[in-house]
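Reviewing the structure listed below.
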Amino acid sequence: MSGIKILATGSCKPALTITNDDLKKCIDTNDEWIHSRTGISTRRMTNGEPTWYIGAAAAKQALERAKLSPEKIDMIICTTITGDYFTPSCAAVIGREIGAVGCPAFDISAACSGFVYALDIAQKYLASGAMKNVLVVSAERLSTITNFTDRSSCILFGDGAAAAVVTSSDKFYSSYMGCDGTGMKYLYAKADHRDHPFTDSPVYYDDQTSPDAPVGVLVQDGKEVYKFATKALPHALMSALEGTGRTVDDIDIIVPHQANIRIIETAAKNLGLPMEKFFVNIEHSGNTSSASIPIALDEAMISGAVHEGQTLGLCGFGAGLTQAAIIMDT
Ligand code: UT7
């Protein structure tokens with residue numbers, strides 16, 4: 001069994017704090033509604049800093065804490081749905097900024113499951129012995145694709161980044177990754193295309209995404225995503241446990257995607273687990289897509305809630321519709 005060791009994490013929380021009351025400037029809402037329906041009070045937003053910048057800041061902190069120089073990084077995987085460039089990848093730009101050049105660097109797009117997908121890819125390379133240290137960076141500026149006139153979605157999202165430096169270990173590790181594209185219509189943002197000299201306007205998957213949906217902003221069917229998420233969280237965790245001889249009760253602490261406190265509470269109930277087993281920081285971070293799990297993990301490691309000698313669960317779910325989980329001994 002080829003496990004992984006998280007040598008260190010780091011994070012970058014942008015300076016702008018947006019309260020629920022601040023959102024009244026854009027939409028008809030109130031703090032009571034948002035807090036009781038989502039668990040969110042404030043979220044962070046960037047004030048012009050690019051995605052690569054916050055990703056690089058998180059990566060630098062993780063490397064410092066791991067006491068590792070950038071030349072020792074064998075691969076950089078960045079997870080983002082809000083990169084600054086179509087190309088190069090955010091990972092390439094972050095590598096340049098932190099001084100980790102030469103090693104492979106690429107982005108993956110798996111929305112809120114991105115960090116778990118990336119960690120699982122890292123584990124495969126580490127297990128093969130081909131690499132020693134992998135840097136996973138999750139960086140998101142959801143504020144750049146949020147529709148601030150849609151009160152049922154703009155209340156959820158925030159910006160942020162976090163990183164993890166991982167190496168191999170001989171401890172327990174098991175994972176699950178999945179995606180069901182038939183649910184793409186419940187959560188999407190159309191890519192922005194320029195006018196083309198030879199063809200008509202861009203064609204999307206028009207029976208899945210509304211022709212009227214604005215380009216470049218998130219469109220969400222909150223109720224459908226909610227239903228999916230409450231099932232995906234337990235399903236991904238149980239799938240990762242399958243065939244391992246371990247049960248959900250063996251998990252000491254779970255760091256789930258921070259989408260909505262009610263999703264986590266419902267999933268906890270369905271799994272028969274107390275809420276104390278779930279690390280939750282949504283109140284002051286909101287939903288930062290792929291950055292949400294590593295930001296929470298960073299807080300959990302710094303506070304000591306996640307420490308050596310535990311069985312840790314990580315679980316993501318989101319657009320795609322994707323879902324993924326890792327169960328690992330720390
Ligand atoms: O990473 C995954 C990303 N997405 C998610 O996790 C989203 C999952 N879904 C959710 O979290 C919930 O569906 C929401 C928080 C988005 C919405 O909560 P809900 O309980 O499903 O509310 P709703 O959309 O059914 O709206 C209930 C009422 C409606 O009023 P009426 O029709 O009952 O009079 C809405 O118009 O609440 C109203 N409403 C609001 N009121 C004040 C909707 N948004 C707001 C708002 N402020 N921001």
Side-chain angles (χ1 to χ4, degrees), residues 18-43 79-82 109-117 138-160 162 178-181 183-189 209 213 217-236 255-268 270 278 280-283 285-296 314-325:
I18 307 295
T19 67
N20 290 342
D21 282 336
D22 289 335
L23 290 169
K24 288 186 194 166
K25 284 180 198 149
C26 330
I27 49 165
D28 177 16
T29 192
N30 58 78
D31 176 58
E32 200 282 326
W33 192 96
I34 300 174
H35 193 261
S36 64
R37 299 275 178 143
T38 69
I40 301 167
S41 294
T42 63
R43 71 285 291 141
T79 76
T80 187
I81 56 167
T82 49
S109 169
C112 311
S113 306
F115 179 75
V116 182
Y117 267 51
S138 300
E140 302 282 9
R141 282 195 303 154
L142 292 189
S143 61
T144 62
I145 58 167
T146 296
N147 180 353
F148 284 103
T149 62
D150 175 12
R151 70 175 182 165
S152 68
S153 68
C154 74
I155 48 150
L156 297 169
F157 303 119
D159 299 344
C179 179
D180 177 0
M184 67 175 281
K185 58 179 176 261
Y186 299 132
L187 189 53
Y188 63 88
T209 62
V217 294
L218 273 172
V219 178
Q220 171 179 273
D221 182 333
K223 284 209 182 310
E224 288 297 336
V225 177
Y226 189 93
K227 271 196 275 177
F228 158 72
T230 51
K231 290 193 194 114
L233 205 169
H235 177 261
V255 182
H257 170 45
Q258 312 283 315
N260 181 327
I261 187 71
R262 286 161 54 224
I263 291 173
I264 301 171
E265 284 168 352
T266 306
N270 291 341
F278 290 79
V280 177
N281 73 343
I282 191 169
E283 179 156 26
S285 64
N287 178 345
T288 56
S289 191
S290 73
S292 101
I293 294 175
I295 290 174
L314 303 172
C315 186
F317 45 86
L321 298 167
T322 57
Q323 53 178 291

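One-based numbering, in listed order, for ligands and for the atoms of each.
Shown in contact with I263 at under 4.0 Å from a heavy atom are these atoms of ligand 1, numbered in order with element: 6 (O). Residue contact check: R262 has heavy atoms under 4.0 Å from atoms 20 (O) of ligand 1. Remark: ligand 1 atoms within the under-4.0 Å shell around heavy atoms of Q220 are 3 (C), 4 (N), 5 (C), 7 (C), 16 (C). Atoms of ligand 1 lying under 4.0 Å from any heavy atom of N260, numbered from 1 in the order shown and given with element: 10 (C), 11 (O), 15 (C). When each atom of ligand 1 is checked for a heavy atom of I155 under 4.0 Å away, the hits are 48 (N). Under a 4.0 Å criterion applied to the non-hydrogen atoms of C112, ligand 1 contributes the atoms 1 (O). The R37 neighbourhood of ligand 1 comprises atoms 19 (P), 20 (O), 22 (O), 27 (C), with distances under 4.0 Å to a heavy atom of that residue. Annotation for ligand 1: atoms under 4.0 Å from non-hydrogen atoms of N287 are 1 (O), 2 (C), 3 (C).
The shortest side-chain heavy-atom distance between V255 and F115 does not fall under the 4.5 Å cut-off. Residues L156 and I40 form a side-chain contact, since some pair of their non-hydrogen atoms from C-beta on lies under 4.5 Å apart. Between T38 and I282, every side-chain heavy-atom pair lies at or beyond the 4.5 Å cut-off. Using a 4.5 Å cut-off on side-chain heavy atoms (C-beta onward), I81 and I145 make contact. For the pair L218/L187, a side-chain contact is recorded, criterion being any heavy-atom separation below 4.5 Å from C-beta on.
At a distance under 4.0 Å, a protein heavy atom can be found next to atom 1 (O) of ligand 1. Closer than 4.0 Å to atom 33 (O) of ligand 1 lies none of the heavy atoms of the protein. Of the protein's heavy atoms, at least one falls inside 4.0 Å of atom 23 (P) of ligand 1. Atom 11 (O) of ligand 1 lies below 4.0 Å from at least one non-hydrogen atom of the protein. When distances from atom 29 (C) of ligand 1 to the protein are checked, no heavy atom turns up under 4.0 Å.
When only non-hydrogen protein atoms are considered, atom 48 (N) of ligand 1 lies nearest to R151 O, 2.9 Å. With respect to atom 21 (O) of ligand 1, the closest heavy atom belonging to the protein is K223 NZ, 3.2 Å.
Note on ligand 1: S152 sits in its first shell, one or more heavy atoms being nearer than 4.0 Å.
Taking both residues in full, the closest heavy atoms of P256 and L233 are given as CB-CD1, 4.2 Å, listed atom of the first, atom of the second, then distance. The shortest heavy-atom contact between R151 and D28 is NH1-O, 2.8 Å. In this structure, I27 and F148 approach most closely via the heavy-atom pair CG2-O, 3.4 Å. Closest approach of A232 to Q323, counting heavy atoms only: O-OE1, 3.5 Å. The heavy-atom pair separating S113 from G318 by the smallest distance is OG-N, 3.9 Å.
In this structure, of G222, G39, S36, the residue bringing a heavy atom nearest to atom 8 (C) of ligand 1 is G222.
Here's the thing with T38: none of its N/O atoms is less than 3.5 angstrom from an N/O atom of ligand 1. An N or O contact shorter than 3.5 Å is missing between L187 and ligand 1 by distance.
At a heavy-atom distance under 4.0 Å, only side-chain atoms of W33, from C-beta outward, approach ligand 1. At a heavy-atom cutoff of 4.0 Å, ligand 1 is contacted by no atom of L23, backbone or side chain.
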Determine whether R262 and E265 satisfy the following criterion, salt bridge (Lys or Arg N to Asp or Glu O under 4.0 Å), listing intermediate values before the conclusion. CA-CA 5 Å; R262 286 161 54 224; E265 284 168 352; over 6 Å; no
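In this structure, the side chain of T230 engages the main chain of Y226 through a donor-acceptor pair within 3.5 Å.
Just one residue in the list C112, S292, S290 forms a side chain to side chain contact (heavy atoms under 4.5 Å, CB included) with S138, and that residue is S290.
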